[in-house]
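So the structure is just underneath, and the comments pick up after that.
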Amino acid sequence: MRQIISLSAIVLLLWSCRNTDSSVPAIQDIAVVPETLNLVVGDKQQVAAVPVPSDANPIEQPFTWRTSDSRIATVSAAGIVTAKSIGIAEITVGAKISDQVQKKIPVRVKSVVPMTDILVSPDTITLRIGNTQQVTATPDPPESGAIFEWSSDNPSVATVSADGLVTGIAVGTANIKVKGDDIEKYVYVSVCYELTVTIGEVIYEADTLDYAELSPGVKWLKFAIPEFVNGFDLYGKGLVVNALEVDLSVPGNRLEVCPAAKPSLSGTNYNNVERPTRMYERKTAAYAASGRRPVAVVNNDFYLLSTGNTTGYAYIDNRPLSMEMTNGMLVQTPFTRNLGFVLKDDGRPAHGTVSFSATADGGNRLFPLTEINSYADEGELVLFNNLSNYYPTDSAFAWSPYTSTMVSLSYPAGGWRVNERMEFTVTGIEHNVETTIPAGSPYGGKNFNGEGAVLVGNSYGDPNQPLRFDVSARTPNQMTVADEGSYWQLRTTGTDPFVFTEPLTTNVRNTVTAALTFEYQSAINITNFQVFYGRPDAASGVSTPANLKLDGTGIDAADESKWKTFTLDLGTAISTYGWGKSGHTLRLDFGSSANHHVLIRNMKVPVTFNNDGDSKAFLSNLASGDKVGVTMNVRLNGTQLTDTRPNVAGYESVILNDGTPSNTWNEAHPRTVAGYSQDGNKVWLVVIDGREDDYSVGVTTGQAGFILKALGAHTGVNMDGGGSSCMVVNGTIRNNPSDGSERAVANGIMVIVNE
């Protein structure tokens with residue numbers, strides 16, 4: 001017994017010494033050839049396995065072999081694999097002692113009959129979030145019996161199980177791939193919004209028509225509400241909506257105002273409008289080298305100066321009545337409307353009343369700057385930049401109805417901006433410049449090629465501006481007016497007699513004093529004489545009280561003692577009603593009875609101009625090489641913006657205020673509206689089709705406000721609508737414009753992203 005124990009101990013000792021011999025390297029890995037097997041049922045194949053390193057401790061061999069599924073493939077102790085049936089198995093070869101060192105060999109066994117195709121059903125899927133749908137894959141021919149592998153290229157949107165069950169995860173699109181042998185097929189999956197829209201008292205379930213994530217944080221959704229009725233019994237029922245959602249917290253996402261570009265220089269085409277698709281193409285080219293690109297654009301400004309506008313200046317036909325600014329470059333000061341949709345430097349939106357004031361400094365003087373890209377009245381100073389008239393070259397283009405001084409300037413150091421001083425360099429001065437008004441052919445202004453801006457100014461004009469009655473253009477009402485040479489003879493014939501003066505030819509708005517004065521004779525006392533202030537024609541309510549007097553003097557034109565002087569201070573008309581520009585008129589009402597007889601002579605508007613001089617004098621102090629500063633201040637709701645490069649465009653009305661829709665326009669039309677979230681991080685640009693029978697019937701502004709609210713907006717405004725409503729996504733029109741094609745518009749709001 002002692003001998004057996006001793007012998008056993010010796011064997012164990014020798015074995016232990018052999019196993020721990022430091023001169024023999026330990027096994028690190030097992031190399032196999034081949035590393036994967038593709039077999040046909042009945043095939044056999046040898047797998048060769050060697051240790052790594054090759055001189056590893058020999059006690060790790062012979063290697064162990066095993067299979068994950070002996071029904072599909074078996075393996076012998078020598079590593080011979082036999083294919084048993086169709087399927088996928090895994091062969092594992094391992095070290096004898098170090099059981100953590102092993103290698104796995106995938107084995108794919110297919111039928112003797114090769115597969116030529118995979119039949120999938122369905123090949124497209126639309127899901128709502130959380131819903132599932134089974135996709136089936138069948139080998140062709142069926143007896144090929146292939147094994148399929150499933151995967152999703154966008155598992156954050158849609159996932160797929162090992163047997164083809166697809167699950168919607170988030171809004172977006174994905175491609176599900178099914179692979180068998182070397183054949184692949186794809187199933188397109190769209191996961192859509194689960195959108196409920198409450199309009200008034202009615203709750204609608206929206207149908208998603210299309211969806212795309214255009215860029216990180218920028219989504220486009222097209223949906224329909226087939227059962228919608230607008231309440232006006234027009235066009236049947238149905239509504240189709242295109243909505244862009246822009247997450248401004250994603251770096252690079254930004255909205256900007258895109259002013260129209262004039263299409264050509266030929267003829268007298270001063271239409272100042274452009275199709276949205278052309279805006280998209282033009283901006284795509286402009287951004288090409290910057291690593292940025294536009295992805296979408298919608299039409300924007302509603303109120304425009306009509307063609308043949310009463311200013312007489314064809315240059316500003318179709319221009320917005322509201323402020324317009326693009327990336328800090330002011331294009332249009334408020335003409336008659338002061339509602340502005342403001343996109344701040346960080347892109348976040350705001351809205352409300354916008355106003356503008358500006359000054360220019362140079363030659364040790366400061367002078368008020370009245371407008372941007374519009375003509376200068378007497379004594380005023382205006383600035384034209386290279387977006388004036390949307391001239392399609394990088395050039396400033398200036399004009400004036402008067403003989404003017406024009407000072408050309410360099411581009412501003414540091415670029416265009418507002419709410420801080422810009423500095424220019426004077427590059428040239430021209431005096432006594434005359435331009436064609438209205439526009440001649442091909443244009444009547446002066447083109448300053450290669451210049452960044454032009455300052456235009458002139459003298460005040462006649463400080464004792466004579467006035468006459470305008471009986472040819474504005475027929476007197478219920479009275480006769482005869483020009484007797486040195487005086488006018490007026491006789492009333494009805495109960496509402498009035499007559500207009502000719503338009504002013506001198507601007508009196510920036511004067512210290514201004515008055516209307518004339519000498520008169522009257523057959524009787526007229527106690528309800530009244531004056532109306534016209535912009536450019538007299539308007540009801542913009543007037544003096546009806547208690548002015550013309551004393552009875554008797555009528556004798558030759559008797560100098562009978563002539564009396566009437567004087568009316570015009571300070572209130574100027575400060576309260578904004579009256580006094582060139583082109584403005586006065587309307588004189590001579591009581592409310594017939595048979596009044598009045599003589600009038602020496603009618604004029606005497607004024608006292610500011611002591612600081614006019615804009616011509618300011619510009620004449622400058623010389624080439626001088627530095628000129630321009631400061632343009634923009635206010636929103638009375639508070640000056642701190643942003644220097646904002647975008648601003650006009651809107652028609654607020655239709656969603658603090659989450660409450662407001663119906664400001666009770667007619668059903670196509671609409672373009674914009675809304676934003678309470679924190680300002682998200683903006684929605686929405687185009688609602690209309691005027692299309694039983695497809696999309698249009699909405700009121702209140703109904704549009706409900707749609708904005710359903711999408712997530714807290715605040716919303718109504719922009720341009722009708723035939724102008726258009727949404728362009730990646731260069732393609734996505735809505736159905738009611739004109740049948742897109743309409744050229746004054747400007748658009750564009751979505752810009754990083755490449």
Side-chain angles (χ1 to χ4, degrees), residues 29-52 54 60-96 99-125 127 132-155 158-167 174-189:
D29 197 2
I30 300 173
V32 296
V33 178
E35 293 185 340
T36 62
L37 294 176
N38 289 288
L39 305 175
V40 173
V41 174
D43 282 353
K44 292 186 178 184
Q45 185 163 346
Q46 174 72 60
V47 177
V50 296
V52 178
S54 59
E60 300 290 359
Q61 298 186 62
F63 294 136
T64 62
W65 298 83
R66 64 179 183 272
T67 179
S68 64
D69 192 338
S70 59
R71 294 169 300 174
I72 296 172
T74 61
V75 61
S76 71
I80 299 173
V81 178
T82 302
K84 294 293 188 179
S85 63
I86 297 170
I88 296 174
E90 193 172 64
I91 302 299
T92 302
V93 55
K96 185 175 182 180
D99 57 3
Q100 297 302 311
V101 178
Q102 54 185 233
K103 180 73 74 176
K104 296 183 182 296
I105 302 105
V107 179
R108 187 182 187 89
V109 181
K110 57 185 178 180
S111 172
V112 176
V113 179
M115 183 176 67
T116 59
D117 196 6
I118 303 173
L119 307 178
V120 295
S121 179
D123 58 3
T124 61
I125 297 175
L127 288 175
T132 61
Q133 185 165 344
Q134 181 68 51
V135 177
T136 60
T138 305
D140 184 22
E143 59 269 23
S144 60
I147 299 300
F148 299 120
E149 298 174 7
W150 298 84
S151 62
S152 170
D153 70 349
N154 196 354
T159 60
V160 62
S161 69
D163 58 356
L165 184 67
V166 180
T167 302
N175 288 292
I176 301 300
K177 180 173 74 173
V178 55
K179 180 177 181 180
D181 294 339
D182 295 326
I183 300 173
E184 297 177 352
K185 285 295 183 71
Y186 291 87
V187 177
Y188 177 79
V189 179

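Computation of the quantities below employed the complete heavy-atom set of this structure, encompassing side-chain atoms and omitting hydrogens, waters and symmetry-equivalent molecules.
Within a 6.0 Å sphere centred on CD of Gln134, other residues, nucleotides and ligands contribute more than 12 heavy atoms.
The distance from atom OG1 of Thr74 to atom NZ of Lys44, rounded to the nearest 0.5 Å, is 7.5 Å. To the nearest 0.5 Å, the span separating OG1 on Thr92 from CD1 on Ile105 amounts to 7.0 Å. Summarising the geometry, atom CG belonging to Leu165 is positioned 10.5 Å from atom CD1 belonging to Ile176; distances are rounded to the nearest 0.5 Å. Here NZ of Lys110 is found 11.0 Å from CD1 of Ile86. Values are rounded to the nearest 0.5 Å. Here Arg66 contributes atom CZ and Glu90 contributes atom CD; the two are 9.0 Å apart, rounded to the nearest 0.5 Å. Going from atom CD of Glu149 over to atom CG of Asp181 covers 9.5 Å, rounded to the nearest 0.5 Å.
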*Show your reasoning for whether side-chain contact (heavy atoms from CB on, under 4.5 Å) applies to Ile30 and Glu60.*
CA-CA 11 Å; Ile30 300 173; Glu60 300 290 359; over 6 Å; no
*Test side-chain contact (heavy atoms from CB on, under 4.5 Å) on Lys84 and Ile72 and set out the steps.*
CA-CA 5 Å; Lys84 294 293 188 179; Ile72 296 172; 5.8 Å; no
_Criterion side-chain contact (heavy atoms from CB on, under 4.5 Å) on Tyr188 and Ile125, from CA distance to verdict_ = CA-CA 6 Å; Tyr188 177 79; Ile125 297 175; over 6 Å; no
*For Ile183 and Met115, what are the C-alpha separation, side-chain angles and deciding distance, and is it a side-chain contact (heavy atoms from CB on, under 4.5 Å)?*
CA-CA 8 Å; Ile183 300 173; Met115 183 176 67; 4.1 Å; yes
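Scanning both residues, Thr116 and Pro141, for their nearest heavy atoms gives OG1-CD, 4.0 Å. Nearest heavy atom pair, residue Thr136 against residue Trp150, reads C-CH2, 4.5 Å. The minimum heavy-atom distance between Ile118 and Lys185, with the atom names listed, is O-NZ, 2.9 Å. Nearest heavy atoms, Val166 versus Ala158: CG1-CB, 4.3 Å. In plain terms, the two heavy atoms of Val109 and Ala83 that are nearest each other are CG1-CB, 3.8 Å. What you find for Gln45 and Leu39 is that their closest heavy atoms are OE1-CD2, 3.4 Å.
Side-chain atoms of Arg108 never come within 3.5 Å of backbone atoms of Thr36 as a donor-acceptor pair (strictly under, hydrogens ignored).
Looking at Asp153 and Lys177, no side-chain N of the basic residue comes within less than 4.0 Å of a carboxylate O on the acidic one, giving no salt bridge.
You'll find the side chain of Ser152 stays beyond 4.5 Å of the side chain of Thr159, heavy atoms only. Looking at heavy atoms from C-beta onward, Ile91 lies out of side-chain contact with Val93 at the 4.5 angstrom threshold.
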